[in-house]
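Take a look at the structure set out below.
Chain letters run A, B, ... following the sequence lines, proteins first, then strands; residues in each count from 1.
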Amino acid sequence: MIWHIVKKDFLLNIFSARFIIGVLLCIILIPFTISVSIDEYKNQLRIYAVDKENSEKELKQIKVYSGLKPELIKYPEPLGILYKGINQNVGNKVKIYLQEYPLFPTGHASTRDNPLLNAFFSLDFITVLSLVLSLLALVFSYDLITREHEEGTLRLIFSNYTGRIPFLIGKITGVLLSLLPILFFCFLLSTLFIVLSPDIKLQISDWIRVAILFIFSILYILVFILMGTIISAFVKSSSTAIVLSMLCWIWFVFLWPVSGSYLSKSIVKTDLYDNVRNSLDDLDKEYGKLEGEQWGAIQKRLNMRGTNWWNASGGEDGYFETYGSPSETMEFHRQLNTWKEPIRLSYADRKWPVQKAYLDGLIRQQKMEKNLSWFSPSEILVQAVSCLCRSSEKDFLRYMDETRQYRETLVTYLKDRNLFEKYIYFTPQDPATFVSTADFIKGNNNVPDHFNTLDLKEVPTFIDIPAAIDTSLKDSFTGIAALILISIILFSGSIIVFNRYQLR
Amino acid sequence: MFSTLFIKEIQQLLYSFRFQLSLIIVLLVFTIGTIAFIRLYSEEKANYFVYHKEQLKNLEEQAKNASHLATLRKNYVLEPRSNSIISDCKEKMFPNQFIYSAYNVFNLEVRHDNVNPLLKPVQNLSWSFIVSVCMSFLALLFAFDTISGEKEDHTLALTLSNQISRGKILWAKYASILSVITATTVLGILISILIMSISGKILINTDFLIETGGFITITFLLIALVTVFGLLSSVFSRNSSVSLLISLCFWLFFAIIIPNTSVYWANKLFPIEHRNEVEAKIAQGYEDLCNNAPPGSWSSSGDPFYDRHKLRADLQMKLMDNEKKFNLSYINDMFHQFEETRSITLLSPIAQFDNLNEVNLGGGYRRLKENWNDLQNYQIQFLEWFKAFDAKDPKSPHWYNPNESYSTSWKSVSISEVPVYTEKIIPFSSRILQSGKYIALLLAYTAILFFISFVLFVKYDVR
Amino acid sequence: MLQAIDLTKRYEDQELALDALNLEIKEGEIFFLLGANGAGKTTTINLFLNFIEPTGGKALINGIDVTKEPLESKKYVSYVSENVMLYGNFTARQNLDFFAKLGGKPNLSKEDYYMQMREVGLQEEAFEKKIKTFSKGMRQKVGLTIAIIKDAPNILLDEPTAGLDPKAAAELMQILVNLKRQGKSIFMCTHDIFRAKNIADRVGIMKEGRLVMVRTREEFLEDDLEKIYMNYMQEMVIEK
């Protein structure tokens, strides 16, 4: 019985104007959307290659351990083509410093090369789907019942051995089935674009993710079909139903997401990063004073009148390199490093709570946005999808945790080998060839000016472990559970409303 | 006769369920938007003043040495606009910080002061957002079945059986929807202004009220056009559900499809170099200049008159010019790419509406470019001032080095003598002049479409 | 067999739509229910189809109480409505196919549908045409075909001749007579006294929710049915 209704509705819908318009909309929207996303992804790949090359080149040229500041470059997420998510807000580079924990990446965010073009929005695939499919779902379902009522067929159907619930299930399934070809077509079109781009390689696990995305989208469509159904069962005429449906659409898909996000910004205040930076700088200054004092103390201890350098260079985060300087200076620096690197690390530990408090504020604001988004199915979908496409804030925070863990590993490595206390920490020169201060003043400091670079094979490297499918599914669980719950509520609601529907 | 029709239409609309529900939504959105705006804006403003004070302190520090003042790079950050409740003109997405010294205006950047990267980038819930998304949609929703719906109810034939011309009917329907939507918007705006004035945190002055008036005019023009689209789809079909689909397609086409394709057109039709290519060129030029520089170009001494400082200043000047050459042309390319792309999006009335808002408020891209150009002029003035100041100092060799202070005056300077850059507010007269073209475009669009609807309606089968 | 026992319907607004209707329509009988607009004719049909719940009494179809077993009862009844639009984008045959399946006849072939449509007098070229191109008479014939195909022992018709031209109406009546011969109970609400006179076995007149008169064929052929009807209607006007 249900099956006959499903088949009838499917056939009626498939040959209707709305179906054709739906397909046309997708044909127009998807290619532009996907090709812009693919272009942007290629740009990211290009930038990744350039950055990676630079960072590796830099690492290869290191001659002393104080210069070891690995720069981690994040590989652009291929599924970001479907949904950019947080990746469009944050950069791709994290440099590991001893004096500070990494908080946010720097460098090229996946925004456009020309920052002016950011004023033009380009929706990603999932956003387009969430807009168009919800609209189509409502356009297909608003007259689910009213139309049959208006054409008199509802009475005719119920003069047969047909229950109301099977009828409703049949109609809903019919609409869902008629929207599936459109959904499938959208996915097909976009994956075709991806497959045909030579530079983009998706893993098998990525394809599984795309398949799960497809299932999520079906669930999403179902929510809107049920919304249309309940409206259709609630009102008497199709014209009221369509107006109500469209108002629901604009509210749930456009107005509420923007309102919610805007509201969350004004409800939860976050600290200004400038203030955070100032507190961090204050700590740096405090440390600077300590270092100055220590400088004098060590010189006193070593009975030095001043420090002489031959070839010396310095840089950020305690990088200092010298050769040919007198042995006294070398010893001075060794002792200074032995004292200062642990202190700098402890300062990083003191800075972290400040950074963490700032980060927590941002997370609180984001949580508020998320909580407000429970009122909009399209936002719920987008959040679930962002977990699947590894472009959610959870993925980002995990990545930053990993980089901080990597920093710890690196610090342990340096500490375990007592590298802070060794000459190689700041000079490539063999200690046996250090010149005495007397010789240095005389000018007898014949040292080679070519040194080997460090062998960094044993230095731990950073391995980015993107979230596995089960983690992503766990992340997106609440979203999906919410969509299922909404569907159940709407379905029971429509049954209740339809059971009261007047057939006369 | 017309007034009878018009009043009937208005009454019908006001009693209708769709109007009542829409009214609630519109008022809700206006209220949420205003309350959130007040908090965010006062926060932004406070942040800006803190930042501005910091900048002034830095400047005073630099002024202890005139050369530092001239060579150190400074930031000019655009102040948050108090009229951004009307429209933020996408300023959040544009660069808002200029980097300059007395020698050059280097670059424009996006300064994220309190942007939370964990949030999705969304538009502000400003008046213009509400109008361009919500009101335009509602106008279509009110208009899509004006004709086809009456045909289905058979009231159209009944009306036409009287001595009324079809033109009058169309006019009455059009005017009624237009006035209801505009009145709803104005009501929302009034509530918004009321909330703002009660809060006391937003200054509401004559300029603001004039801009509000301008905004209402622009809104009226947009709604007039969108409503015609609704009428057109209504006379296009004998079936109101088909009319709805046509209306939705119009809306999606203008609000989503055209804006959404603009980046595609920008990349395909007006491609520009990649940033890292430009950087590579600058680096190449830098290397060449350094390699070909006469020996001693990098030497320095505590004595300003050390003669290699002249070489050094020469090299630094060349290095800056090298960077400036590539960077400036790159920035001009960016401007060009943006402008060309935007002219394509003008096909969409919503893009025209956004442009008109930009003109009306003197914000957005216009403000950015105006400031960029003004800052170039200011920089020339600043440099002239510095040179004049330097010329008076006998302890300076007057070898201008744009990056370092070795060979120019080290005298301290009183900050009040230094020319200051202030943003010019675009005068209303030029705003009106600039808006003429867009208004004409919108009106022409509306008139043509109304004429088409009229012709179709005259031929409309009312049976 | 259709039975109404003290069947009463009072709407939420306290309006009495049907007042204790007692009626029985046997196999092979055609019953015509006459009455003004709003007299309660359609309410009666709605009650038989359980589209509305009675506030008193019961309606039985082949002895099955429609409120107790609404689905079961529908196996034994077909319904033809005043103005059925059907699915405009389906052809006549597709519409028949769908409703035949709903009516518990899933195994019919194209030919079966064609035959039935030929029988009700639809033109051959209309069979595979979309319903939205059909005239009202043609649609009504398709509606009747749906009822015939279901082959239920009882048929409820709600003013099926309204808006039909005389020829089409006459054809429809002929079909009903044929159905009667097959032993169907036929219950038809109408304003059409002329048709009632022609083919009804019994005629009832309904006024303000009450069945005020029932006459058998012999009885109403003696008197002039039109006169009887007008008398009852006039009383109503006077009462008011």
Side-chain angles (χ1 to χ4, degrees), chain A residues 17-18 21 25 28-29 32-33 35-36 39 43 46-47 50 86 88-90 104 112-123 128 131 135 139 143 238-240 242-244 246-247 250-251 254-255 257-259 261-266 269-270 272-274 362-363 365-366 369 393 396, chain B residues 17-18 21-22 25 29 32-33 35-36 39-40 43 47 50-51 90 93-95 110 112-114 116-125 129 133-134 137 141 145 149 240-242 244-245 248-249 252 256-257 259-264 266-267 272 274-276 334-335 337-338 341 345 365:
Chain A
R18 40 189 158 180
I21 288 179
L25 264 180
I28 296 172
L29 273 169
F32 281 115
T33 308
S35 61
V36 168
D39 277 357
N43 197 22
R46 198 176 48 73
I47 286 161
V50 172
I86 193 164
Q88 61 188 324
N89 303 348
V90 291
F104 275 105
R112 290 153 197 131
D113 246 13
N114 179 355
L116 297 171
L117 293 187
N118 289 335
F120 300 119
F121 66 92
S122 80
L123 305 171
V128 168
L131 292 180
L135 183 66
V139 165
D143 60 354
S238 293
S239 60
T240 319
I242 188 63
V243 170
L244 201 56
M246 290 301 104
L247 287 176
I250 195 102
W251 174 257
F254 276 93
L255 298 178
V258 175
S259 306
S261 182
Y262 199 47
L263 263 182
S264 64
K265 269 190 239 166
S266 81
K269 288 210 169 178
T270 56
L272 206 59
Y273 189 70
D274 283 356
L362 298 185
I363 292 173
Q365 198 173 53
Q366 194 271 337
E369 187 192 40
E393 82 293 341
F396 168 70
Chain B
F17 173 68
R18 57 179 94 173
L21 194 61
S22 308
I25 291 179
V29 176
I32 293 178
I35 292 173
R39 288 197 60 159
L40 283 174
E43 200 181 315
N47 290 342
V50 170
Y51 179 78
K90 292 175 181 157
M93 292 154 192
F94 283 124
V110 183
H112 301 285
D113 54 351
N114 57 349
N116 180 351
L118 301 181
L119 298 186
K120 13 178 210 26
V122 288
Q123 279 178 291
N124 284 1
L125 205 57
F129 173 81
V133 171
C134 186
F137 190 76
L141 212 51
D145 63 350
S240 65
S241 65
V242 176
L244 178 85
L245 280 176
L248 283 179
C249 284
L252 284 174
I256 309 281
I257 295 177
N260 191 33
T261 55
S262 44
V263 178
Y264 178 85
N267 290 337
I272 62 170
H274 289 298
R275 172 115 240 165
N276 60 336
M334 292 200 306
F335 282 141
Q337 186 186 33
F338 176 82
T341 312
T345 63
Y365 175 73

- Query: Do the side chains of Val139(A) and Ser241(B) get nearer than 4.5 Å, heavy atoms only?
  - Reply: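 No, side chains not in contact.
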Checking heavy atoms, do the side chain of [X], its backbone, both or neither come under 4.5 Å from chain A?
| X | result |
| --- | --- |
| Tyr51(B) | side chain |
| Pro95(B) | side chain |
| Val133(B) | both |
| Leu118(B) | both |
| Leu248(B) | side chain |
| Asn267(B) | side chain |
| Ser240(B) | neither |

What residue in [options] has the most heavy-atom pairs under 4.5 Å with chain A?
| options | result |
| --- | --- |
| Ile257(B), Val50(B), Ile272(B), Ile35(B) | Ile257(B) |
| Thr345(B), Val242(B), Asp145(B), Leu252(B) | Leu252(B) |
| Ser22(B), Pro117(B), Gly33(B), Cys249(B) | Pro117(B) |

With chain B as the partner, which of [options] has the greatest number of non-hydrogen pairs under 4.5 Å?
| options | answer |
| --- | --- |
| Gln366(A), Arg18(A), Arg46(A), Met246(A) | Arg46(A) |
| Leu135(A), Ile28(A), Leu131(A) | Leu135(A) |
| Leu123(A), Leu255(A), Thr240(A), Ile86(A) | Leu123(A) |

Of all the heavy-atom pairs spanning [X] and [Y], show the shortest one and how long it is.
| X | Y | result |
| --- | --- | --- |
| Leu244(A) | Phe17(B) | CD1-CE2, 3.4 Å |
| Leu245(B) | Ala17(A) | CD1-C, 4.2 Å |
| Ala266(B) | Thr341(B) | CB-OG1, 3.3 Å |
| Thr270(A) | Glu43(B) | O-OE2, 4.2 Å |

- Message: For the residue pair Asn114(A) / Arg275(B), report whether a side-chain donor-acceptor contact shorter than 3.5 Å exists.
- Response: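 Per modelled atom types, Arg275(B) and Asn114(A) side chains form no pair under 3.5 Å.
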- Item | Phe137(B)-Phe254(A) aromatic ring centre distance below 6.0 Å |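 Between Phe137(B) and Phe254(A), the centre distance exceeds or equals 6.0 Å.
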Counting only heavy atoms closer than 4.5 Å, note whether [X] contacts chain B via side chain, backbone, both or neither.
| X | answer |
| --- | --- |
| Leu25(A) | side chain |
| Tyr262(A) | both |
| Val50(A) | side chain |

- Query: What is the ring orientation for Tyr365(B) with Phe338(B), classed by angle as parallel under 30°, tilted 30 to 60°, or perpendicular over 60°?
  - Reply: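 Tyr365(B) and Phe338(B): tilted rings.
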- Without swapping roles, check the side chain of Ser261(A) against the backbone of Pro257(A) for a donor-acceptor pair under 3.5 Å.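 No; zero donor-acceptor contacts below 3.5 Å.
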- Item | Glu369(A) (side chain) donor-acceptor with Leu119(B) (main chain) under 3.5 angstrom |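 A pair under 3.5 Å: no.
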